[in-house]
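Start at 1 with the first residue, then count along the sequence.
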Amino acid sequence: MCSILAYTGEGIELDKVKKMLAITTSRGPDDSRVIATKRGYLGFNRLAIMGLTASGMQPFVLGDNSVVCNGEIYGFRPLKDELVNKGYNFNSDSDCEILLPLYKEYGTDMFAKLDAEYALVLYDGENDEYIAARDPIGIRPLYYGYDKDENIIFSSEPKSLIGTCDRIKPFPPGHYYKDGKFTCYKDPSKVTKYTYDDPDTISKNIHDKLTEGVMKRLDSDAPVGFLLSGGLDSSLVCGIAAKHSNKPLETFAIGMDIDAIDLKYAREVADYIHSNHHEVIIDKDDVIEAIDPVIAALGTFDITTVRASIGMYLLCKWIHENTDIRVILTGEISDELFGYKYTDFAPNAEEFQKEAEKRIHEINVYDVLRADRCISVNSLEARVPFGDLDFVDYVMSIDPEKKLNKYGIGKYLLRHSFENDPVIPHSILMREKAAFSDAVGHSLRDDIIAYANEKYTDEEAEEGYKKYTYVPPYTKESLLYRDIFEKYYPHQAELIPAFWMPNKSWEGCDVTDPSARVLSNYGKSGE
């Protein structure tokens with residue numbers, strides 16, 4: 001993981017830019033560099049993953065053009081060979097060095113060609129203009145705002161822009177910025193044509209495309225590790241990787257000291273795939289102490305996101321402090337594609353699909369944000385196989401009638417796709433889902449709620465709720481999160497569009513707590 005900063009305009013002090021960039025040093029602790037353009041600066045903090053030598057340091061420069069990119073460009077070697085045949089020379093093994101030659105050849109059409117998780121800012125010196133872009137899912141973060149002179153500033157995280165920009169906004173995924181306008185080059189949430197494949201074809205395609213998505217993300221010059229919760233999604237990622245690796249995986253799981261649900265299942269998967277498995281045990285004090293730094297890192301007050309981030313943050317902190325791992329594969333984005341516990345209540349296929357479109361469109365400010373910040377604040381890089389663009393495109397296009405839970409178990413299509421390729425135990429393949437914060441231990445949520453209830457009296461809470469008119473808190477827990485958020489990100493609440501919640505318009509989903517525990521179909525998920 002790296003961080004980028006682009007401050008456009010004239011008359012800006014270099015020291016100011018360096019200080020803004022330094023705020024995100026944890027994303028790229030290996031090296032830092034700022035260069036001047038004809039009109040502004042490009043800055044880069046490096047976490048070396050591909051091309052580990054000094055020649056892979058950014059910004060890259062080609063003629064009058066320069067670029068900074070936080071990203072992984074999958075399949076970059078064939079593109080590099082194509083560019084070499086066109087007469088371009090390369091000085092490093094970095095995947096991002098191909099970006100400036102691609103821009104010379106294709107202009108902004110290049111973005112639709114990239115199979116990547118990325119955020120970049122490119123300075124076109126020939127035309128004296130800045131171009132920025134972000135991957136279609138929004139796996140890599142990018143934010144922007146304007147200073148008092150209306151100069152646009154781009155940054156990997158909003159905290160670099162606090163105090164300089166009055167209003168900070170997420171850069172829209174699947175868009176590029178040019179000539180002062182944002183243009184959509186790909187929206188994976190929208191389906192233009194559905195596929196009506198037969199069940200066997202669906203199973204084969206899901207299997208093969210997910211396998212390819214995992215395989216791409218094993219390509220790294222730095223050590224790779226895997227988060228293994230014991231749930232379906234992370235287990236499949238680990239199982240696929242183990243099958244195609246020539247050495248044992250490094251897998252990591254976390255749980256509460258008194259009621260961890262998933263540790264035993266993660267251990268079962270680890271034993272099955274013969275990984276070098278690590279367990280991290282946390283307690284109530286660890287959870288409470290993590291709330292403030294987690295919100296500071298995430299820049300959110302969303303209840304679900306904060307709860308689910310506690311375990312991930314503490315686990316990644318342990319990995320950073322105890323191993324040489326640099327890259328982490330995770331299981332995010334599967335739920336948005338195949339369904340949550342609450343999507344079992346979808347009244348019809350059309351509503352299911354609309355909900356999937358909404359979740360994919362917004363995931364960059366919820367689960368993807370959680371994974372990025374919890375991992376990057378601990379100087380690690382997140383890779384998300386379920387976010388592979390080819391995989392997402394295919395699953396989103398499957399006839400939604402087939403994605404409804406008519407099978408007695410959620411995510412049936414995904415499960416069925418690996419029944420004939422036993423990369424994980426069958427019991428795990430068919431195990432009921434538990435939400436991550438619940439799976440770390442039911443006491444995690446309960447401890448936070450109890451802490452918030454102790455922190456505010458009823459009268460203090462009622463007054464606290466009134467302080468906020470945008471997405472107002474409605475429980476003591478949500479007030480706690482909002483108060484901490486405002487401490488670090490004052491007046492920037494619009495970074496988050498709403499609380500992540502089940503679709504309240506569906507029967508059975510009109511709940512006030514986002515945990516799946518409150519749904520009537522939670523069933524065996526908590527066992």
Side-chain angles (χ1 to χ4, degrees), residues 3-13 16-24 27 39-43 68 70 119-121 123 129-135 138 140-184 295-302 305-306 361-366 368-370 372-373 376-377 464-473 478-479 481-500:
S3 69
I4 63 176
L5 180 73
Y7 204 134
T8 75
E10 300 176 354
I12 303 145
E13 294 181 1
K16 176 180 175 67
V17 177
K18 287 183 175 179
K19 287 177 181 177
M20 293 172 69
L21 181 63
I23 292 171
T24 56
R27 297 186 69 90
R39 187 170 49 84
Y41 296 93
L42 292 178
V68 285
N70 167 27
L120 67 79
V121 181
Y123 177 69
E129 65 176 345
Y130 285 88
I131 296 161
R134 190 180 184 191
D135 70 74
R140 297 302 170 96
L142 191 61
Y143 294 82
Y144 71 98
Y146 299 86
D147 70 7
K148 60 182 177 57
D149 296 319
E150 292 301 310
N151 297 309
I152 193 168
I153 314 170
F154 302 98
S155 176
S156 289
E157 294 192 24
K159 60 188 177 185
S160 294
L161 305 179
I162 296 292
T164 301
C165 305
D166 288 339
R167 173 83 186 279
I168 303 167
K169 298 181 180 180
F171 192 103
H175 285 68
Y176 66 82
Y177 168 91
K178 185 178 186 295
D179 298 328
K181 298 184 298 184
F182 292 89
T183 300
C184 181
I295 294 174
L298 266 65
T300 187
F301 51 85
D302 176 61
T305 307
V306 175
H361 184 69
E362 295 180 346
I363 192 174
N364 70 102
V365 293
Y366 296 117
V368 162
L369 180 148
R370 166 174 58 85
D372 173 82
R373 298 300 197 283
S376 67
V377 77
Y465 302 153
K466 296 174 185 177
K467 291 189 298 184
Y468 306 110
T469 57
Y470 178 83
V471 190
S478 60
L479 178 60
Y481 298 162
R482 185 60 172 274
D483 282 345
I484 296 172
F485 173 88
E486 291 293 335
K487 179 173 66 172
Y488 294 104
Y489 302 90
H491 311 300
Q492 301 299 331
E494 291 183 31
L495 285 168
I496 308 301
F499 289 122
W500 190 106

Backbone N or O of R140 within a donor-acceptor pair of the R134 side chain at under 3.5 Å?
yes
Donor-acceptor under 3.5 Å (Y489 side chain, A296 main chain)
yes
With sequence neighbours left out, write down each residue that passes ring pair (Phe, Tyr, Trp, His ring centres under 6.0 Å) with Y123, or none if nothing qualifies.
Y130
So, do [X] and [Y] sit near enough that their side-chain heavy atoms are less than 4.5 Å apart?
| X | Y | result |
| --- | --- | --- |
| I162 | I168 | yes |
| N70 | S3 | no |
| R27 | P141 | yes |
| T183 | K178 | no |
| V471 | I496 | no |
| F154 | I4 | no |
| C165 | Y146 | no |

With side chain to side chain contact (heavy atoms under 4.5 Å, CB included) as the test, would you mind laying out the steps for I295 and F301 before giving the verdict?
CA-CA 7 Å; I295 294 174; F301 51 85; 6.0 Å; no
How long is the straight-line distance from [atom2] of [Y] back to [atom1] of [X], given to the nearest 0.5 Å?
| X | Y | atom1 | atom2 | result |
| --- | --- | --- | --- | --- |
| I131 | D179 | CD1 | CG | 7.5 Å |
| S155 | L142 | OG | CG | 8.0 Å |
| M20 | K159 | CE | NZ | 13.5 Å |
| H491 | R167 | NE2 | CZ | 13.5 Å |
| Y366 | D302 | OH | CG | 5.5 Å |
| D147 | T8 | CG | OG1 | 7.5 Å |

Verdict with reasoning, L5 to I153, per side chain to side chain contact (heavy atoms under 4.5 Å, CB included):
CA-CA 7 Å; L5 180 73; I153 314 170; 4.1 Å; yes
Are more than 12 heavy atoms, taken from residues, nucleotides or ligands other than H361, located less than 6.0 Å from that residue's NE2 atom?
no
Should we say atom NZ of K19 is surrounded by more than 12 heavy atoms from elsewhere, each under 6.0 Å from it?
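No.
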How close do V68 and G43 get, heavy atom to heavy atom, and via which atoms?
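For V68 versus G43, the nearest heavy atoms are CG1-O, 3.7 Å.
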Sequence-distant partners of [X], side chain to side chain donor-acceptor pair (under 3.5 Å), two or more places apart:
| X | answer |
| --- | --- |
| Y468 | D483 |
| T300 | none |
| E362 | K358 |

Please work out which of the three classes, parallel, tilted or perpendicular, describes the rings of F171 and Y144, given edges at 30° and 60°.
perpendicular
R373 meets the salt bridge (charged side-chain N to carboxylate O under 4.0 Å, His left out) criterion, sequence neighbours left out, with E157
Suppose we screen for salt bridge (charged side-chain N to carboxylate O under 4.0 Å, His left out). Which residues come up paired with D135, at least two apart in sequence or across chains?
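For D135 there are no salt bridge (charged side-chain N to carboxylate O under 4.0 Å, His left out) partners, ignoring immediate neighbours.
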Show the numbers, then the answer: is there a side chain to side chain contact (heavy atoms under 4.5 Å, CB included) between Y41 and L21?
CA-CA 11 Å; Y41 296 93; L21 181 63; over 6 Å; no
Test side chain to side chain contact (heavy atoms under 4.5 Å, CB included) on L161 and Q492; report intermediate values, then the result.
CA-CA 11 Å; L161 305 179; Q492 301 299 331; over 6 Å; no
